[in-house]
Amino acid sequence: MMKETHSFQYDALVIGGGIAGLQSALDLADQGFKVAVVEKDATIGGTMIRLSKVFPTLDCASCITTPKMAAASHNDNIDLFTYCQVNSLTRSDGTLKASITQKPRYVDPDKCIGCRQCEYQCPVYVKDEEQGGFSLRKAVYIPFSNAIPQLALIDVQHCSLCGMCAKVCPTEAIDYFQQPEQFVIEAKTAILATGFKLTPIDQKKEYGAGQVANVISSLQMERLLAPHGPYQRVIRPSDGKEPDSIAYVQCAGSRDLSLGVPYCSRVCCMYAIKQAMLLSGALPLADITIYYMDIRAFGKGYEQFFQNAKAMGIEFVKAKVGKIEQGENQNVLLRIEEQEGDGRVVRREHDLVVLSLGMVPDWNPAGICPVTTDTDAFIKCVQPKLAPTLTEMEGVFVAGVAAGPKDIVDTIAEAGAAAMEASNYLNTLSSGQAA
Amino acid sequence: MSSNQDKKPTGGQEKVGIYICHCGGNISDHVDVKKLAENVKDLEGVEVVHTNTFMCSDPGQELIQKDIKDGKINRVVVASCAPALHELTFRGAIKRAGMNPYLYEHANIREQVSWVHHGDQATEKATGLVAAAVAKARRLKPLEPIRVEARRHATVVGAGVAGLRAAYDLARRGLEVALVEKSPFLGGRTARLGRLVPSGEQAGEVISRIAGLVMTSDKISIYPCTEVTAFEGFVGNFKLTLRRKPPEEAECRAQLKKAREAGVGKGEFLPGAGVLTPNLPDREEEISLETGAVVMATGFKPYTPREGEYGYLQTDRVITLPEFVELLAKYPDRRGGFLQVKGKQIRSVAFIHCVGSRQIPGIHEPGQDGNLNEYCSRTCCAATLQAAVQVRKAFPRTRVFDFYRDIRTYGRGQEEFYEEASRQRVTFFRFEPEEPPVVQVSAGGKYPLQVSVKDTLTFGEQLDVPVDLVVLATGMMPTPIKEMVELMKLPVGADGFLQEVHPKLRPVEVANTGILLAGTCQAPMDVGEACNAAQAASAKATSLLARGYVELDPFVAKVDPEKCSGTGLCKEACPIEGAISLKERQLDGKTVVQAEITPALCTGCGICVAVCPSRALDINGWTLEQYEAMVDAIVAA
Amino acid sequence: MGKPDKEAMKALRQQRKAYIDRAKQEIKKQRKLIKAIKGQIREEAKTVPRIAAATKLPSDQVLLFIAAMRKYGQVIEVDKDGDYFTYKLSAEA
Ligand SMILES: Cc1cc2nc3c(=O)[nH]c(=O)nc-3n(C[C@H](O)[C@H](O)[C@H](O)COP(=O)(O)OP(=O)(O)OC[C@H]3O[C@@H](n4cnc5c(N)ncnc54)[C@H](O)[C@@H]3O)c2cc1C
Ligand SMILES: Cc1cc2nc3c(=O)[nH]c(=O)nc-3n(C[C@H](O)[C@H](O)[C@H](O)COP(=O)(O)OP(=O)(O)OC[C@H]3O[C@@H](n4cnc5c(N)ncnc54)[C@H](O)[C@@H]3O)c2cc1C
Ligand code: SF4
Ligand code: SF4
């Protein structure tokens, strides 16, 4: 529609609207800088807004994330660009230029009031990834109740173009003809906060390659435990049974050279313990077992959290899970090589099994931005000790899981550090210009 | 208890909106939110009641804003989590809707209700708390934050890597910085390390680099051999007294002597000590300093094992990891033969993890202060493995044994050390805390020491390992700063480290505004993590001070000149120097003496209110009238 | 968006034909499935395995649609029967 590409000017560009990106944007905005946050999803919030409760404080994730999301969206110094793809980020004439494509929502953002009339009336059901695939949404939908912005979007791949949403929308916001928009964001400094995704659940043949019923990922379990989860309680996805026996398989996807993830994903021990605690609250009668190699509860208050979990009766078994198969009655059968006790290979059956999958980067800068990645595929830090947020590119910093697995506490500290580096960079630029 | 039951809030124009949060299920699982809404909707002055899954979310905040903009309400009551979490969130929302943000009252129905009560009782108590909040809200007056000038100056206490990092960043952002260090050296504990895990950088180079930047900055004044002896004031305007004196401590003097002998001059790095500061004091003196913010970076001290703990102090062949690392740093590149320690040839060495960390009540003995270090010290696993690998590589003939509970090589590039250690044939043994390894001096054997363990990796086999040296991977404890904790009223956690407000919402701030945390005074961290924390703290300090003024909450005492008879009892009772003064005023042509409040100093504690015989004092936002109305409402509910 | 231009809509339908055809197929299948489930729980609350047995649908599919129908207010959870919960059509549906 637009021939000429718009260009917007900011002091700082933040790529990724997860907790890392939001925190650094807020820290920069507080110092008076103008910030653009570019997010590829239809909502900001990243992984954290999709979690249930968070260790070590067991605050509900929403209670911490939503206010930060709201603070960013209301801050006069911050503009949010959601549903955007970064095509390139390069420096020329001292300015960083990001070429951006905003994907069409097929909904006019100025008109949509987030009433969800369209969603209720749409006839097509689609698997809801926001609920771990355990529930359905419609072809036109708002991602979830505390998404920001609260704007509907149409998933054209599943849309039958029946016209129902356009008919029921009270503000005539539906626009089937919307086109992608191209624009350029210019900034003096940038922070990469592109986060992570989990290793694929079907990656490991020995673990049933994603085909065994009632073997779920840790993020799926977060949804089962979340206040607005798919079932609003913990039941297993194959048939709705309330599980009596739940097991965690640790390092499923990490510390495993054969999967190309030799490193430790650093948060899975703690989130498994957290989920186990939440489960024993939700299902007081259930047996919960964690099969692990080492328990890595290293952060402030984490060891105490682990010891509490032990005291609550959660069973920790040092063992390698060799194989996962379907048992009877949709149960899950584990073949376990115990590392302690008498070291036999034993088989144990559980109603529901959670794979503590590893973290891999969500973004590869190759071909988009001249920063390189390290052997672990996360963005390379050039001064990991003194200035962990520095990348190879001048004026471009990195924060959060984009620079290697870490929990929320460490992510937030690093986001503050990246904001400090970025503001210092801006400062030297302006004093340089003045001189 | 109250005599003002009939006292109507001014004018009866107050229209209260109540906003009740489910908090996901945190509240609504125990409090019947619907019933609660029903219970409070007919209270006097209540215009609207709304409930929402997450009141703090955007749609939740918009509910409030819409009612304000539509003119439906002019007082807000939010019933949700503890105000510490989201009071500011809601004040912000109210302000954006164009209303005075102090016409807002918070009822904590999560921490005070749903997390501690269940069933009908919970709903009942919630009703009481909301009713009290409504009663108070109707009596709230608009308030303005107290704006005070802020000095564009920050003080950093401690010149370890965290303190150096913070000082440099603050200076780069244009603040004047005082860097206070109690020793004559810059670099703290990092200066005593060799190669750093996982990057392999030399600690000496890292410290020299950042210390160099600090020493050449014209905005940073370094105060070596200095400690803080007095502290007063408030954010933007703290007053510090520093005492600087020539180094006396034996360790310091020994290090200074070493520096002289080695020809290490000012601004140069002395291994095992740090960068010698340029301006050593030659006489004792006191210095006063006015500063806007204080960054605490006082770091850690290694745990000292008890006598007899794994044979410590019973033989000089049991040493700690910090000692060993310092030793190893001296000859990093030597290859071949055996490692030598204290003149002895080390054919085999045992490392024992978690010494003084991860202590469990009932299993471990508390320290002298009666406390257990229940936390994991986070850095020792990787540091141990790096030392183990270094020994194996530099001295292939020295055998290495490693006794652990869990190997916690969590960080980027750390797991590689674990793998490398296995490749280098470090032998691992795993023990349970209930059955730790036992170190014995073996009389007359081929080896002076024997480590016995029930090894859970070999299915509980009892194993005896003969060694020449045992290295204890001692954990971190906070540097003892009792005086400063008392002076500055710093919050300390159960683990002894300084305590942040909230690990995710305000991770580098303590409850006292203007005091920030950087590095291992807060919790165990490695160098990279300490630098991240230091930069996060600098970012906070900058946003506090950059504008040149700070805004303080207006919840301070105020004097009613009609009633004050100038008894001065309040001034005597007030715990804060200078918060109340007695001033002469002209009243109806007569000179009277009356109390005057310095708002920026007043902490709103209310002691003066309690002692005033003529009820001339009140705390803004927490008046006696409001309290009484709250109590009445609770009784009535 | 005002009244969509007929010609333009036609062109768009042509362009998205593959998606639209698939979506239409889906709608048909989903309607049948939902109807079958609804038929089972109109009068009586039932567990997922019971609905699955009666409709000969896979139990995970049944649970998926029960979850979705609950989300959109058509189904409510009623009681517990052994290890399973029972579901019924809501008054609105
Ligand atoms: C199952 C599970 C449970 C957990 N539980 C806890 C817990 O209890 N406590 C805790 O402290 N931590 C927990 N964590 C860890 C926590 O999720 C992370 O620490 C945190 O989410 C990291 O935040 P981030 O912003 O770095 O990354 P993310 O949350 O991944 O956010 C990155 C954002 O960037 C966006 N993005 C990516 N690429 C691009 C691009 N090219 N352009 C634009 N945008 C892009 C993404 O869409 C996303 O919104 C858990 C993790 C998992 C998997
Ligand atoms: C054996 C061992 C090996 C380690 N190996 C590694 C490694 O390989 N890689 C890595 O990244 N990390 C390693 N670490 C961790 C690293 O030492 C710390 O992360 C780092 O030293 C923390 O720096 P800091 O500034 O927080 O504290 P510190 O280094 O403790 O500095 C604190 C400073 O504050 C000063 N101070 C204290 N009290 C006062 C006071 N009242 N007034 C004024 N000044 C005061 C002290 O004199 C000191 O200079 C290791 C730690 C140990 C124990
Ligand atoms: S955090 Fe725990 S589960 Fe995750 S990879 Fe590391 S050791 Fe394995
Ligand atoms: S880091 Fe390792 S050695 Fe240190 S306390 Fe933690 S588990 Fe023990």
Side-chain angles (χ1 to χ4, degrees), chain A residues 27 30-32 54 56-57 59-60 62-64 66-67 69-71 73-74 145-146 148 150 227-228 255 262-264 266 294-304 307 339-343 376 378 384-388 404 408-410 412-414 416-417 419-421 423-424 427-428, chain B residues 23-26 53-54 56-59 61 81 85-86 89 92 96 165 169 172-174 196 199 201 206 209-210 358 360 374-376 378 406-412 414-416 419 456-457 459 497 503-505 507-508 522-523 527-529 531-533 535-536 538-540 542-543 546:
Chain A
D27 280 348
D30 272 354
Q31 296 179 48
V54 284
T57 42
D59 287 305
C60 61
S62 290
C63 303
I64 312 287
T66 9
M69 290 161 67
S73 83
H74 294 308
S145 64
N146 41 13
I148 288 186
Q150 279 281 309
H228 279 255
R255 304 178 67 187
Y263 53 84
C264 163
R266 185 164 168 168
D294 297 275
I295 289 292
R296 296 191 164 164
F298 55 82
K300 183 166 181 165
Y302 293 7
E303 176 70 17
Q304 295 91 316
Q307 296 301 336
Q339 312 248 296
E340 298 184 335
D342 48 15
D376 57 10
F378 290 97
K385 289 292 141 189
L386 273 186
I408 296 163
V409 175
D410 290 344
I412 289 178
E414 191 159 79
M420 191 69 224
E421 286 291 355
S423 69
N424 272 330
N427 214 38
T428 31
Chain B
C23 195
N26 273 308
T53 320
F54 290 111
C56 56
S57 69
D58 228 21
Q61 295 185 35
C81 50
L85 264 109
H86 289 320
T89 309
R96 285 196 307 276
R165 179 78 251 180
D169 283 316
R172 271 207 294 175
R173 285 292 279 127
L196 296 175
S199 62
E201 286 165 272
V206 167
R209 193 163 359 125
I210 187 78
R358 299 181 70 191
I360 299 173
E374 294 184 40
Y375 52 87
C376 163
R378 184 169 182 152
D406 293 280
I407 294 287
R408 293 188 166 166
T409 39
Y410 63 89
R412 201 174 184 188
Q414 289 185 358
E415 185 77 357
E416 283 84 332
E419 277 158 26
T456 63
L457 292 178
F459 319 120
F497 289 90
K504 299 187 182 78
L505 289 172
V508 293
Q522 182 182 12
V527 171
E529 290 158 349
C531 285
N532 267 345
Q535 294 197 298
S538 317
K540 267 279 153 328
T542 313
S543 28

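Side chains included, hydrogens not; waters and symmetry mates left out as well; all remaining heavy atoms used.
Checked against salt bridge (charged side-chain N to carboxylate O under 4.0 Å, His left out), D59(A) has the following partners two or more places apart in sequence or in another chain: R110(B). Residues satisfying the salt bridge (charged side-chain N to carboxylate O under 4.0 Å, His left out) test with R412(B), not counting sequence neighbours, are D376(A).
When heavy atoms are compared at a cutoff of 4.5 Å, T409(B) approaches chain A by way of both its backbone and its side chain. Heavy-atom distances place the side chain of R96(B), and not its backbone, under 4.5 Å from chain A. Interface remark: V508(B) contributes no atoms to any contact with chain A (heavy atom separation under 4.5 Å). Both the backbone and the side chain of D30(A) come within less than 4.5 Å of a heavy atom in chain B. For Q522(B), the parts lying under 4.5 angstrom from a heavy atom of chain A are both the backbone and the side chain. For a residue to count as touching a neighbouring chain, one of its non-hydrogen atoms must lie under 4.5 Å from one of that chain's; by this rule A297(A) touches chain B with backbone and side chain alike. At a 4.5 Å heavy-atom cutoff, the contact between I148(A) and chain B is made by side-chain atoms alone. With a 4.5 angstrom heavy-atom cutoff, E414(A) touches chain B via backbone and side-chain atoms both.
Note on E303(A) versus R378(B): no salt bridge recorded, every NZ/NE/NH1/NH2 to OD/OE distance being 4.0 Å or above.
The shortest side-chain heavy-atom distance between I408(A) and I412(A) falls under the 4.5 Å cut-off.
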